[in-house]
Structure formats: C-alpha cells, structure tokens
Amino acid sequence: MTEIDILNRLIAVHGGREAWSDVTAISACLSSGGLAYASRSQSGTLHRKEVLVRLEERRVSILDYPRPGWRGEWHDDQVWIGPDGGPAE
C-alpha cells in the first residue's frame with residue numbers, strides 16, 4: 001500500500017473528499033510538555049492552547065501564546081509572535 005493509498009483510505013473513513021473539500025480551517029487544543037520544557041523553566045508553556053490551522057493559506061496560529069492576548073503565527077517561511085491584532089499577512 002502506497003502513501004497515497006493510505007491517505008485516500010484515511011480521507012474516505014473520515015467523510016470522503018467531498019466533505020473535506022469545503023473545510024478551510026481546523027482547530028484543536030494542544031498540550032505539550034516534558035523534560036525539555038521543564039529543564040528550560042518553561043513547563044506549562046504549551047498547556048491547553050488553541051491551535052488554528054488555515055488550510056488554504058498554509059498558516060498555523062497558536063492562540064494566547066506565549067501569554068494571554070498574544071499569538072504565534074507560522075506562515076510559509078515567516079514566524080511571528082506578538083499581540084493579537086498584529087501582522088497576519
């Protein structure tokens with residue numbers, strides 16, 4: 001089974017291509033941690049953060065990161081962290 005076959009199978013069991021063709025964004029709750037974060041005094045940095053992935057723009061946002069009212073943005077080859085309402089282009 002090729003990678004494409006696996007992808008097609010996953011899409012099929014989760015509603016099919018037609019259902020996913022109208023999806024523009026996916027959000028999820030992210031929690032991450034462990035020794036690497038704790039050793040740098042950053043435990044809880046990524047605890048229950050809302051992540052928004054905008055599929056058509058290939059943009060990922062972590063809301064309220066690194067503190068409430070701020071966000072981290074990854075878009076193409078750019079990374080931005082700052083207050084909400086800042087650069088989104």
Side-chain angles (χ1 to χ4, degrees):
M1 183 176 281
T2 68
E3 293 169 350
I4 296 298
D5 293 334
I6 294 169
L7 178 61
N8 287 332
R9 191 172 187 182
L10 285 170
I11 290 170
V13 299
H14 291 283
R17 286 198 184 276
E18 188 173 311
W20 283 96
S21 66
D22 293 331
V23 175
T24 59
I26 299 172
S27 66
C29 180
L30 171 71
S31 288
S32 184
L35 182 59
Y37 285 104
S39 67
R40 299 191 68 205
S41 300
Q42 295 181 0
S43 60
T45 300
L46 291 176
H47 181 68
R48 293 189 174 197
K49 300 295 180 187
E50 183 180 356
V51 177
L52 178 63
V53 180
R54 289 180 217 115
L55 304 175
E56 293 176 350
E57 299 176 56
R58 297 184 333 184
R59 179 186 304 270
V60 177
S61 302
I62 300 179
L63 308 181
D64 289 328
Y65 174 83
R67 59 181 148 271
W70 283 47
R71 72 179 190 277
E73 291 266 336
W74 290 263
H75 181 252
D76 290 332
D77 62 348
Q78 298 177 358
V79 176
W80 180 83
I81 298 175
D84 286 343
E89 284 7 278

**Asked** Hey, quick one: are I4 and I11 part of the same hydrophobic cluster, counting side-chain heavy atoms closer than 4.5 Å, chains of contacts allowed?
**Response** no
**Gap separating the CD atom of E57 from the OG1 atom of T24, nearest 0.5 angstrom** = 9.0 Å
**Prompt:** Would a distance-only check, ignoring hydrogens and angles, find a side-chain to backbone donor-acceptor pair under 3.5 Å from S27 to L52?
**Reply:** no
**Asked** CG/D64 to CZ/R71 distance, rounded to the nearest 0.5 angstrom?
**Response** 11.0 Å
**Least distance between heavy atoms, P66 atom then I81 atom** = CD-CG2, 3.4 Å
**Request:** Give a yes or no on whether L7 and L55 share a hydrophobic cluster (residues Ile, Leu, Val, Met, Phe, Trp, Tyr; joining criterion: side-chain heavy atoms under 4.5 Å apart).
**Result:** yes
**Prompt:** From L63 CG over to E73 CD, what is the distance, rounded to the nearest 0.5 angstrom?
**Reply:** 8.5 Å
**Request:** Give, for atom CZ of R48 and atom CG of L30, the distance between the pair rounded to the nearest 0.5 Å.
**Result:** 12.0 Å
**Request:** Using the side-chain contact (heavy atoms from CB on, under 4.5 Å) rule, take Y65 and V51 through it: C-alpha gap first, then chi angles, then the decisive distance, then the call.
**Result:** CA-CA 10 Å; Y65 174 83; V51 177; over 6 Å; no
**Message:** Suppose we screen for side-chain contact (heavy atoms from CB on, under 4.5 Å). Which residues come up paired with R58, at least two apart in sequence or across chains?
**Reply:** D76
**Message:** Just so I know, are the side chains of H14 and W20 near enough to count as touching, which here means a heavy-atom distance under 4.5 Å?
**Reply:** yes
**Item:** CD1/I6: more than 12 non-hydrogen atoms of other groups inside 6.0 Å
**Value:** yes
**Item:** Linked, directly or transitively: V53 and V79 (ILVMFWY side chains, under 4.5 Å)
**Value:** yes
